[in-house]
Visitor: 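Have a look at this one.
Naming convention: chains lettered A, B, ... in sequence-line order (proteins, then strands); numbering from 1 in each chain.
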Amino acid sequence: MSDAPRPSNFLADIVEADLRAGRNGGRVVTRFPPEPNGFLHIGHAKSILLNFGLARAYGGRTHLRFDDTNPVTEETEYVEAIQADVRWLGCEWGEHLYYASDFFERMYACAERLVRDGKAYVDSQTQDQIREQRGSFERPGVNSPFRDRPPAESLDLLRRMRAGELPDGAAVLRGRIDMAHPNVLMRDPLLYRIRHASHHRTGDRWCIYPMYDFAHPLEDAFEGVTHSICTLEFESNRELYDWVLDSLGPWDPRPRQYEFARLSLGYTVLSKRKLLQLVNERRVSGWDDPRMPTIAGMRRRGVTPEALRDFADLIGVAKNNSVVDIGKLEFAIRGDLEGRTPRALAVLNPLRLVVESWPADRTEELDVPWWPGEPARGGSRKVPFGRELLIERDDFSEEPPKDWKRLAPGREVRLAGGYVVRCEGVVRDASGAVTAVRATHDPASRGEGERRKVSGTIHWVHATRSVPAEVRLYDRLFAVEQPDAEPDFLQVLNPDSLVLAKGARVEAALADAAPGTRWQFLRQGYFFVDPVDSRPGAPAFNRTITLKDTWAARTAAKPEARRAKREPAPVDGQGAAAARKGRAELRAEARAADPELAARHARYVGLGLSEEEADLLSGDAAVATWFDAAVAVHPNARSVARWLLNDLAGLARERALASLPLAPDAFGRLVALVDAGRLTPAAGKALLAELVEKGGDPEARMKALGLEKVDDRAAVEAAVARALEARRAEADRYRAGEKKLFGVLVGAAMRETGGAADAALVRKVLEEKLA
RNA sequence: UGAGGCGUCGUCCAACGGCAGGACUGCGGACUUUGGAUCCGCGUAUGAAGGUUCGAAUCCUUCCGCCUCAGCCA
């Protein structure tokens with residue numbers, strides 16, 4: 001364990017449970033396994049932060065492993081970019097850098113072992129034949145004619161595959177599992193294919209390469225990974241993952257695969273294919289275009305690793321397919337940048353402001369703090385103020401709308417860090433367009449303690465002592481929230497995702513801003529000095545994110561409707577989906593095929609069970625027989641049925657009833673105990689859970705566990721008193737009127753007796769005491 | 001529906017049989033030398049229906065909806 005913040009999600013729960021149970025010798029080893037065939041994006045960042053975060057929180061380690069099993073798509077360039085990105089995120093793998101290709105020899109040895117064990121064979125069919133034989137979801141596959149080839153023959157062929165005697169596609173190694181398996185991935189999956197291609201690390205040493213489903217579990221096992229965390233679409237691969245490991249073990253630790261929902265982000269695409277397309281078709285300038293959701297792109301936009309971490313914490317980890325509101329990312333970025341950027345003045349779309357009351361030959365060097373409102377932080381620079389200034393065109397309106405707080409004829413506004421000015425008129429060109437605003441200033445309006453009320457503050461720069469700058473205004477790459485849902489995602493690119501601010505000027509202090517530094521342009525947003533294109537004296541700024549702008553939000557058109565709420569489920573019930581075959585149909589079919597089961601159904605109804613209960617118990621002979629055996633011991637069929645159906649079923653889960661340590665006669669005796677009033681239902685459940693796991697005699701266990709029903713009033717009163725003592729705060733709130741807390745109090749009192757108290761009596765006593 | 005998953009405020013995530021909570025967004029308000037930040041306030045969400053239970057988002061059943069899988073990709 002470490003003192004790193006403990007993540008709270010279902011995977012952390014699993015890790016904690018494993019640690020508690022002493023599994024894997026207390027080790028926690030995760031891994032991040034990218035294929036080096038593209039750049040990492042924010043979805044990978046979620047996975048990286050999850051894997052590294054989990055290991056760090058539980059005193060484990062995380063491996064960086066390149067899953068380089070397909071030589072035709074993978075390149076060294078990507079290997080390097082990926083390492084840089086992971087490191088930039090603040091994740092360290094230490095000496096644990098691995099490549100799947102480093103394990104090729106061991107993997108191959110495993111393949112030979114499978115062949116010798118009769119668990120794999122070389123198939124000499126064509127790709128089309130193999131596909132054809134795989135069957136479909138509804139139709140089982142058929143066996144390959146080479147499926148029963150003797151192991152010695154397969155082994156020879158496999159060796160010749162490796163030796164390069166066979167051309168691409170001439171043969172593959174297949175696992176021998178089951179061509180009728182309901183999971184199509186298990187229908188004799190391909191394990192190795194021939195690829196006469198140069199690999200970025202192993203060169204031409206190999207001409208056969210393992211498939212993902214074979215390689216991945218082995219890589220995990222070789223490295224000692226304990227928790228192999230991947231995304232939801234690999235759920236059906238898990239069965240094959242387990243088959244490979246179980247066929248080739250034993251392993252210590254034995255890796256386990258878990259899946260979580262990959263990230264989807266609004267107004268963004270995250271599929272490798274689409275990202276690659278954007279790059280290849282020059283819709284963006286490259287993988288590191290600041291509009292790209294790649295780590296490289298976000299880095300160049302000015303996003304920090306800390307912001308990405310905050311974002312990851314914000315969205316959590318679960319198994320729901322969900323689309324995260326891009327506003328969350330923006331919130332994390334703003335929150336991070338807020339505290340780390342000095343405030344500067346820049347005008348993106350200038351309009352001349354002539355301060356007619358200011359002498360033309362006079363310039364005042366105003367001392368303006370870098371951190372307004374945070375004097376403790378210190379630091380300031382001189383900003384020249386003169387007669388000719390530039391303000392933002394959007395900050396002036398001749399006919400201002402309601403609630404306008406900026407400059408307008410006859411109105412006053414403060415120039416940030418400087419004087420209050422009043423608009424006296426405008427200057428127009430021949431066409432009547434405003435070319436300048438005329439103003440006068442209030443000389444007394446600046447200085448310590450000056451608290452003159454004006455409706456607003458605007459930013460500005462000196463007309464000649466400011467410097468031109470390249471300012472790139474980035475916005476969301478897509479115009480719709482779910483570009484993936486479009487027939488062609490390229491059709492919904494946001495045409496304004498990059499706007500160059502024409503004529504933008506920044507205050508002189510920013511002329512030589514260092515590449516890679518971050519600034520807030522007052523009232524506008526956070527900007528990053530581009531590390532590639534910026535030059536001293538000719539700075540280039542990338543807008544990372546705008547400031548939250550309630551005025552713009554108010555005046556902008558309402559965003560398009562979010563995705564429609566789920567269709568209301570048709571309530572007409574039964575008939576609607578008659579075509580489908582659910583478990584209910586299966587049971588009905590079983591009875592139709594077996595008159596004995598049908599007779600049981602009738603008998604159960606005769607015993608007083610509901611139609612539904614009788615149906616549930618008579619769909620399977622094993623269940624019915626088990627039930628009958630229990631009823632033979634305790635002839636209250638309704639009770640036995642309810643306990644079996646509602647409680648035992650949940651406890652048994654997938655396990656067959658017959659395989660439980662709990663025999664039907666013991667179960668019948670347990671239900672009898674409840675019916676006789678010797679066990680409360682709550683205590684009965686506790687006892688049942690115990691017996692399902694460990695077996696034993698109900699009555700003996702009941703006594704040993706102290707579960708026998710408590711219905712003497714003194715004992716219940718004592719329990720209630722203890723509960724009230726322990727839950728004093730809740731009791732007080734209850735008395736104050738929060739009646740919903742009664743349940744908490746009942747629960748506390750029940751727990752005082754291990755569920756053995758009579759609930760009705762507890763309620764009664766509680767009510768009296770709380771009255 | 002062959003198999004495997006998933007359904008909780010507009011969005012994302014909690015609640016592990018006992019008070020449906022947090023964050024984002026949005027909307028008010030206060031404050032403000034950033035229409036920023038900050039502070040305060042505002043919530044008819046457990047897909048539906050049955051059942052078990054003193055008590056169900058949670059357990060059981062049925063139904064509905066969504067996602068993934070039939071590459072010699074990963």
Visitor: Counting the atoms with a prime plus P, OP1 and OP2 as sugar-phosphate, which does A:Glu35 contact under 4.0 Å by heavy atoms, base, sugar-phosphate, or nothing?
Guide: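 Counting heavy atoms under 4.0 Å across all strands, the contact made by A:Glu35 is with sugar-phosphate only.
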
Visitor: Could you check whether A:Thr69 gets within reach of a base, just the sugar-phosphate, or nothing at all, counting any heavy atom under 4.0 Å?
Guide: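 Counting heavy atoms under 4.0 Å across all strands, the contact made by A:Thr69 is with sugar-phosphate only.
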
Visitor: Does A:Met186 reach a base, just sugar-phosphate, or nothing at all? Heavy atoms under 4.0 Å.
Guide: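 Touches nothing.
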
Visitor: Does A:Arg131 get its side chain close enough to the base of B:G71, under 3.5 Å, for a donor-acceptor pair?
Guide: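 Under the 3.5 Å cut-off, the side chain and the base do not form any donor-acceptor pair.
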
Visitor: Pick base, sugar-phosphate or nothing for A:Arg273, based on heavy-atom distances below 4.0 Å to the nucleic acid.
Guide: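 No contact.
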
Visitor: For a quick check of understanding: with a heavy-atom distance under 4.0 Å over all strands, which category does A:Asp615 fall into, base, sugar-phosphate or nothing?
Guide: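 Answer is nothing: A:Asp615 stays at 4.0 Å or more from every strand.
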
Visitor: Quote, to the nearest angstrom, the P distance that separates B:C59 from B:C19.
Guide: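 Nearest-Å result for B:C59 against B:C19 at atom P: 16 Å.
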
Visitor: Can you tell me whether the base of B:G29 sits syn or anti, using the 90° cut around 0 to define syn?
Guide: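 Anti for B:G29; the angle lies over 90° from 0.
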
Visitor: Let's test your reading of the model: under 3.5 Å, does the base of B:C19 pair with the side chain of A:Arg733 as donor and acceptor?
Guide: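 It does, because a donor-acceptor pair links the side chain of A:Arg733 to the base of B:C19 below 3.5 Å.
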
Visitor: Within the 4.0 Å heavy-atom criterion, would you say A:Leu645 contacts the bases, only the backbone, or no part of the nucleic acid?
Guide: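 Result for A:Leu645 = sugar-phosphate.
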
Visitor: Just checking A:Trp371: base, sugar-phosphate only, or nothing, at a heavy-atom cut-off of under 4.0 Å?
Guide: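 It contacts nothing in the nucleic acid.
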
Visitor: Touch check for A:Gln520, heavy atoms < 4.0 angstrom, all strands: base, sugar-phosphate only, or nothing?
Guide: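 Base, at least one base heavy atom under 4.0 Å.
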
Visitor: Under 4.0 angstrom, heavy atoms only, what part of the nucleic acid is A:Thr457 near: base, sugar-phosphate, or nothing?
Guide: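 Sugar-phosphate only.
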
Visitor: Under 4.0 Å, counting only non-hydrogen atoms across every strand here, what does A:Arg187 touch: a base, just sugar-phosphate, or nothing?
Guide: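 No contact.
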
Visitor: With heavy atoms under 4.0 Å as the rule, sort A:Lys328 into base, sugar-phosphate or nothing.
Guide: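 Base contact.
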
Visitor: Describe the nucleic acid contact of A:Gln127 in one word from base, sugar-phosphate, nothing, applying a heavy-atom distance below 4.0 Å.
Guide: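 Base: the residue A:Gln127, judged by heavy atoms under 4.0 Å, touches a nucleobase.
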
Visitor: Distance criterion of 3.5 Å, no angle test: do you see the side chain of A:Glu235 paired donor-to-acceptor with the base of B:C69?
Guide: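 No, no donor-acceptor pair under 3.5 Å.
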
Visitor: A:Arg334 near the nucleic acid: base, sugar-phosphate alone, or nothing, with a heavy-atom cut-off under 4.0 Å?
Guide: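 The residue A:Arg334 makes no contact with any strand.
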
Visitor: Side chain of A:Lys685, base of B:G17: donor and acceptor closer than 3.5 Å?
Guide: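 Indeed, a donor on one side and an acceptor on the other fall under 3.5 Å apart.
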
Visitor: Could you check whether the side chain of A:Asn646 and the base of B:G51 have a donor-acceptor pair of N or O atoms closer than 3.5 Å, going by distance alone?
Guide: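 It does, because a donor-acceptor pair links the side chain of A:Asn646 to the base of B:G51 below 3.5 Å.
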
Visitor: Run the numbers on A:Phe234 and A:Phe260 for ring pair (Phe, Tyr, Trp, His ring centres under 6.0 Å), then give the verdict.
Guide: CA-CA 10 Å; A:Phe234 290 97; A:Phe260 70 99; over 10 Å; no

Visitor: What is the nucleic acid contact for A:Phe742, judged by heavy atoms within less than 4.0 Å: base, sugar-phosphate only, or nothing?
Guide: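 Touches nothing.
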
